[in-house]
Amino acid sequence: MKKRILLVEDESIVRLDVSMMLEEAGYEVIAQAGDGEKAIEHAFQLKPDLIIMDIKMPKLNGLKASEIISKRLDLPILLLTAYSQREYIDKAKRANIVGYLVKPVSEASLIPAVEIALQQAENARLYRRQVEEMDQKLKDRKLIEKAKGMLMNKYSLSEEEAYRKLRRMSMDKQVGMEAIAREIVKRES
């Protein structure tokens, strides 16, 4: 499946050139914009796989648009600019920026930057998902421990006996131990 790209560049000739390079490389340019306001609108509406955004644009610059988009959407953004000044790089670090290309852009620099940006975004998504799963497992474990402690107190059970009781209830009802633990904590609180 083709990766979907939103291209935001105020210079129409540059926009056309970059769009052609992307499409020749097998990407789908799903929308184009010439200012930051349109970029935000397209990003929220279309949710592309990647946004390539110029920094200096009319109405709303690319850095500000990137910050607004990054606050609400988890979309990677590759900056495109004629400027390589330090202040832009420092500001770019605050948004979901995964790369920085200095104009004039060639196919030799654009396509590898796009591929790396897309891969970095996928890696970040996987890491976030893993962290969320681990966080949930930790919360479930704490809940089970709390329920186990409640059973120990209420029925004068050892830790092992309370655990076995939880496990037996879980098997009898054919639900996870965390669901049984949640039920016990809710009932005993």
A.B. asks: Measure across Ser70 and Ile77 and return the closest heavy-atom pair with its distance rounded to 0.1 Å.
C.D. replies: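 Closest heavy-atom pair between Ser70 and Ile77: OG-CD1, 3.9 Å.
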A.B. asks: Would you say Arg4's side chain and Tyr27's backbone share a donor-acceptor pair under 3.5 angstrom?
C.D. replies: no
A.B. asks: How far does CE of Met57 sit from NZ of Lys38, to the nearest 0.5 angstrom?
C.D. replies: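 Between atom CE of Met57 and atom NZ of Lys38 there are 13.0 Å.
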A.B. asks: Measure across Val8 and Ala39 and return the closest heavy-atom pair with its distance rounded to 0.1 Å.
C.D. replies: CG2-CB, 3.5 Å
A.B. asks: Any link between Leu60 and Phe44 through a network of hydrophobic side chains (Ile, Leu, Val, Met, Phe, Trp, Tyr) touching at under 4.5 Å?
C.D. replies: yes
A.B. asks: Run the numbers on Glu132 and Arg128 for salt bridge (Lys or Arg N to Asp or Glu O under 4.0 Å), then give the verdict.
C.D. replies: CA-CA 6 Å; Glu132 287 168 5; Arg128 271 191 299 281; 5.9 Å; no
A.B. asks: Could you tell me whether a side-chain N or O of Glu28 sits under 3.5 Å from a main-chain N or O of Ile30, the two making a donor and an acceptor?
C.D. replies: no
A.B. asks: For the side chain to side chain contact (heavy atoms under 4.5 Å, CB included) test, which of Leu80, Leu63, Leu78, Ile69 pairs with Met53?
C.D. replies: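 Looking at Leu80, Leu63, Leu78, Ile69, the match for Met53 under the side chain to side chain contact (heavy atoms under 4.5 Å, CB included) is Ile69.
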A.B. asks: Considering all heavy atoms of both residues, which atom of Leu151 and which atom of Ala162 are nearest to each other, and what is their separation?
C.D. replies: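 Here Leu151 and Ala162 meet closest at CD1-O, 3.9 Å.
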A.B. asks: Restricting to non-hydrogen atoms, name the atom on Leu50 and the atom on Ala117 that form the minimum distance, rounded to 0.1 Å.
C.D. replies: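 Here Leu50 and Ala117 meet closest at CD1-CB, 4.0 Å.
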A.B. asks: Can you see which heavy atom on Arg141 is nearest to which on Lys148, and at what distance?
C.D. replies: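 Heavy atoms only, the tightest pair is NH2-NZ, 4.2 Å.
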A.B. asks: Looking only at atom types and distance, does a side-chain atom of Glu161 sit under 3.5 Å from a main-chain N or O of Ser158, one as donor and one as acceptor?
C.D. replies: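 It does hold such a pair.
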A.B. asks: Walk me through whether Glu178 and Lys139 qualify under salt bridge (Lys or Arg N to Asp or Glu O under 4.0 Å).
C.D. replies: CA-CA 9 Å; Glu178 68 282 349; Lys139 286 177 182 173; over 6 Å; no
A.B. asks: To the nearest 0.5 Å, what is the distance between CD1 (Ile55) and CD (Glu9)?
C.D. replies: 11.0 Å
A.B. asks: Assigning hydrophobic clusters by single linkage (Ile, Leu, Val, Met, Phe, Trp, Tyr; side-chain heavy-atom cutoff under 4.5 Å), is Met134 placed with Leu143?
C.D. replies: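 Not linked; separate clusters.
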A.B. asks: Distance from Asp10 atom CG to Lys56 atom NZ, nearest 0.5 Å?
C.D. replies: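 Answer rounded to 0.5 Å: 10.5 Å.
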A.B. asks: Does Arg187 CZ have over 12 foreign heavy atoms under 6.0 Å away?
C.D. replies: yes
A.B. asks: Please round to the nearest 0.5 Å and tell me the distance separating atom CG of Leu118 and atom NZ of Lys3.
C.D. replies: 6.0 Å
A.B. asks: Does Ile13 belong to the same Ile/Leu/Val/Met/Phe/Trp/Tyr cluster as Leu101, with side-chain heavy atoms less than 4.5 Å apart forming each link?
C.D. replies: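 Shared cluster, no.
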A.B. asks: Could you go through Asp54 and Lys103, starting from their C-alpha distance and side-chain angles, then the distance that decides it, and tell me whether this counts as salt bridge (Lys or Arg N to Asp or Glu O under 4.0 Å)?
C.D. replies: CA-CA 10 Å; Asp54 188 15; Lys103 296 182 213 173; 3.3 Å; yes
A.B. asks: Give a yes or no on whether Ile111 and Val14 share a hydrophobic cluster (residues Ile, Leu, Val, Met, Phe, Trp, Tyr; joining criterion: side-chain heavy atoms under 4.5 Å apart).
C.D. replies: yes
A.B. asks: Mark yes when over 12 heavy atoms from residues, nucleotides or ligands other than Lys137 sit less than 6.0 Å from its NZ; otherwise mark no.
C.D. replies: no
A.B. asks: Working to the nearest 0.5 angstrom, can you tell me the gap between Glu145 CD and Asp140 CG?
C.D. replies: 12.0 Å
A.B. asks: Minimum heavy-atom separation for Val29 to Glu23, with atom names?
C.D. replies: CB-OE2, 3.7 Å
A.B. asks: Using the rule that two of Ile, Leu, Val, Met, Phe, Trp, Tyr join whenever any of their side-chain heavy atoms come within less than 4.5 Å, decide whether Leu157 and Tyr163 are in one cluster.
C.D. replies: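 They do share one cluster, since a chain of ILVMFWY contacts under 4.5 Å joins Leu157 to Tyr163.
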A.B. asks: Quick one: does Ser170's side chain have a donor or acceptor within less than 3.5 Å of a partner on Leu166's backbone?
C.D. replies: no
A.B. asks: Treating Ser109 as the side-chain partner and Val105 as the backbone partner, does any N or O pair qualify as donor plus acceptor under 3.5 Å?
C.D. replies: no
A.B. asks: How long is the gap from CD1 on Ile5 to CG on Leu22, to the nearest 0.5 Å?
C.D. replies: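 The CG atom of Leu22 is 4.5 Å from CD1 of Ile5, to the nearest 0.5 Å.
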